[in-house]
Number of protein chains: 2
Amino acid sequence: MVPRRKLMKGSTDSLLLHLISRQPMYGYQIIKELERKSRGYFKFKEGTLYPALHRLERAGLILGKWQTLAGGRQRRYYYITNKGNQILVAKMDQWRDFLAAMNLIIEPLST
Amino acid sequence: MVPRRKLMKGSTDSLLLHLISRQPMYGYQIIKELERKSRGYFKFKEGTLYPALHRLERAGLILGKWQTLAGGRQRRYYYITNKGNQILVAKMDQWRDFLAAMNLIIEPLST
DNA sequence: ATTTAATACCTAGCATTACTAGGTATAATA
DNA sequence: TATTATACCTAGTAATGCTAGGTATTAAAT
């Protein structure tokens with residue numbers, strides 16, 4: 001497994017919730033936005049993103065709505081739910097705790 | 001899956017290599033040290049630690065040596081290898097890159 | 001006009017790994 | 001004597017990022 005793949009485990013949901021909480025977005029757009037905002041670091045694969053969105057929707061954290069463009073093309077826009085916002089806050093707290101613990105190990109001030 | 005479990009994916013190897021690179025350690029000691037140094041955050045399960053150590057040894061990043069204590073008790077002390085030290089440096093670089101990318105998403109200075 | 005690339009969605013199955021739950025054994029403590 | 005701590009191990013499960021395949025429309029390049 002490539003390093004990036006492993007490190008991403010556990011942070012994917014937070015990234016997706018964070019983006020969608022700022023404004024409703026559709027899958028393809030999320031992939032592009034994550035790559036742009038991270039300056040090329042995050043390159044989500046479709047086989048990662050779409051199942052993740054479906055999981056989040058099943059869990060009631062986001063809500064998907066089909067939108068038809070001029071010409072008949074379809075996009076599925078995802079909206080954050082109240083529950084999603086609550087979970088996002090909790091996940092950010094967990095992320096900070098995890099970071100703090102990691103720093104205690106890899107950047108020890110004392111032994 | 002509990003949050004901690006997911007966040008740990010990808011960082012376990014770095015934590016273990018980091019500890020062992022400072023001084024040779026045995027499994028049980030590593031579990032206790034990680035908990036102590038992280039002020040209770042990391043509570044590695046044996047089913048996580050021992051397979052991880054075996055993986056790292058198979059990969060040539062650490063080397064295990066049995067040591068017999070007075071009384072006949074056995075401990076398996078792990079030593080970092082040259083390859084392990086190189087991989088550790090690389091993993092720390094990857095960790096920093098990952099952190100930077102995460103911060104670009106969750107703490108955006110610009111859109 | 002035709003081919004290629006970009007957009008836009010989807011899924012089955014694989015690989016990896018943290019953990020549960022079980023095992024064995026010795027030493028120290030209650 | 002019973003319990004806890006020390007010290008190691010593994011088989012199987014759950015979770016998830018990805019590969020590799022699919023469908024379809026639109027835009028750009030040849």
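In this text the structure is predicted, and so the values were computed from the model without any measurement.
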A.B. asks: Side chain of P51(B), heavy atoms from C-beta onward: which of dA8(C), dC10(C), dT10(D) has the nearest atom to it?
C.D. replies: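 Side chain of P51(B) sits closest to dT10(D).
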
A.B. asks: Round to a whole Å and report the spacing from CZ of R75(A) to P of dA6(C).
C.D. replies: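 After rounding, the reported distance stands at 17 Å.
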
A.B. asks: Tell me what Q29(B) touches on the nucleic acid: a base, only sugar-phosphate, or nothing, going by heavy atoms under 4.0 Å.
C.D. replies: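 Result for Q29(B) = nothing.
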
A.B. asks: Look at the aromatic rings of F42(A) and F44(A) and report parallel, tilted or perpendicular, splitting at 30° and 60°.
C.D. replies: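 Rings of F42(A) and F44(A): perpendicular, over 60°.
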
A.B. asks: Starting the side chain at C-beta, find the nucleotide from dC10(C), dA7(D), dG17(D) nearest to Y78(A).
C.D. replies: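 Ranking dC10(C), dA7(D), dG17(D) by closest atom to the Y78(A) side chain puts dC10(C) first.
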
A.B. asks: Look at the aromatic rings of F98(B) and Y41(A) and report parallel, tilted or perpendicular, splitting at 30° and 60°.
C.D. replies: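 Correct class here is tilted.
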
A.B. asks: Rounded to whole Å, how long is the line connecting atom CZ of R55(A) with atom C1' of dA14(D)?
C.D. replies: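 My rounded result for the distance is 12 Å.
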
A.B. asks: How many whole angstroms separate atom CZ of F44(A) from atom P of dC10(C)?
C.D. replies: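 Going from F44(A) (CZ) to dC10(C) (P), I get 16 Å.
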
A.B. asks: Would you say R76(B) places a side-chain N or O within less than 4.0 Å of OP1 or OP2 belonging to dT6(D)?
C.D. replies: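 For dT6(D), neither OP1 nor OP2 has a side-chain N or O of R76(B) closer than 4.0 Å.
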
A.B. asks: Can you find a donor-acceptor pair, distance only, under 3.5 Å between E46(B) side chain and dC9(D) base?
C.D. replies: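 Flag set: donor-acceptor pair detected.
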
A.B. asks: Reckon K32(A) has a side-chain N or O less than 4.0 Å from the OP1 or OP2 of dT7(C)?
C.D. replies: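 Yes, within the criterion.
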
A.B. asks: OH of Y50(B) versus C1' of dT20(C): gap in Å, rounded?
C.D. replies: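 These atoms are roughly 16 Å apart.
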
A.B. asks: Take atom CD1 of I31(B) and atom C1' of dA7(D), then tell me their distance rounded to the nearest Å.
C.D. replies: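 Rounding to the nearest Å, CD1 of I31(B) and C1' of dA7(D) are 9 Å apart.
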
A.B. asks: Within 45 degrees of the ring normal and closer than 6.0 Å to the centroid, is that where the cationic atom of K65(A) sits relative to Y78(A)?
C.D. replies: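 Not satisfied by the 6.0 Å and 45° rule.
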
A.B. asks: Using a 4.0 Å heavy-atom cut-off, does G47(B) contact any base of the nucleic acid, only the sugar-phosphate backbone, or nothing at all?
C.D. replies: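 Counting heavy atoms under 4.0 Å across all strands, the contact made by G47(B) includes a base.
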
A.B. asks: Of the candidate nucleotides dG17(D), dC9(D), dA6(C), which contains the atom at the shortest distance from the side chain of Y28(A)?
C.D. replies: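 Selected nucleotide: dA6(C).
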
A.B. asks: Please give, in whole Å, the distance from dA18(C) C1' to Y41(B) OH?
C.D. replies: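 The distance from OH of Y41(B) to C1' of dA18(C) comes to 13 Å, rounded to the nearest Å.
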
A.B. asks: Return no unless some side-chain N or O of H54(B) is found under 4.0 Å from OP1 or OP2 of dC8(D).
C.D. replies: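 Indeed not, no polar side-chain atom of H54(B) lies that close.
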
A.B. asks: Which of the following nucleotides, dC8(D), dC9(C), dA8(C), is nearest to the side chain of W66(A)?
C.D. replies: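 Shortest atom-to-atom distance from the side chain points to dC9(C).
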
A.B. asks: Identify whether the distance between the nearest side-chain nitrogen and carboxylate oxygen of K32(B) and E35(B) falls below 4.0 Å.
C.D. replies: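 Looking at K32(B) and E35(B), the cut-off is not met.
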
A.B. asks: Could you tell me how far apart F42(A) (CZ) and dC18(D) (C1') are, to the nearest whole angstrom?
C.D. replies: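 Rounded to the whole Å, the gap is 16 Å.
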
A.B. asks: Can you name the nearest heavy-atom pair linking K43(B) to G40(B), along with the distance?
C.D. replies: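 Taking K43(B) first and G40(B) second, the nearest heavy atoms are CE-O, 3.4 Å.
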
A.B. asks: Between P on dG21(D) and NZ on K45(A), what's the gap in Å once rounded to a whole number?
C.D. replies: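 Distance, rounded to whole Å: 16 Å.
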
A.B. asks: Considering only side-chain heavy atoms of R73(B), which listed nucleotide, dA27(C), dC9(C), dC9(D), is closest?
C.D. replies: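 The closest nucleotide is dA27(C).
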
A.B. asks: Which one, dC8(D), dA8(C), dC19(C), comes nearest to the side chain of Y26(A)?
C.D. replies: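 The closest nucleotide is dA8(C).
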
A.B. asks: Given dG17(D), dC9(C), dT20(C), identify the nucleotide with an atom nearest to the side chain of T12(A).
C.D. replies: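 Nearest nucleotide to the side chain: dG17(D).
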
A.B. asks: In terms of side-chain geometry, is the basic nitrogen of R22(A) or E33(A) positioned less than 4.0 Å from the acidic oxygen of its partner?
C.D. replies: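 Salt bridge absent between R22(A) and E33(A).
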
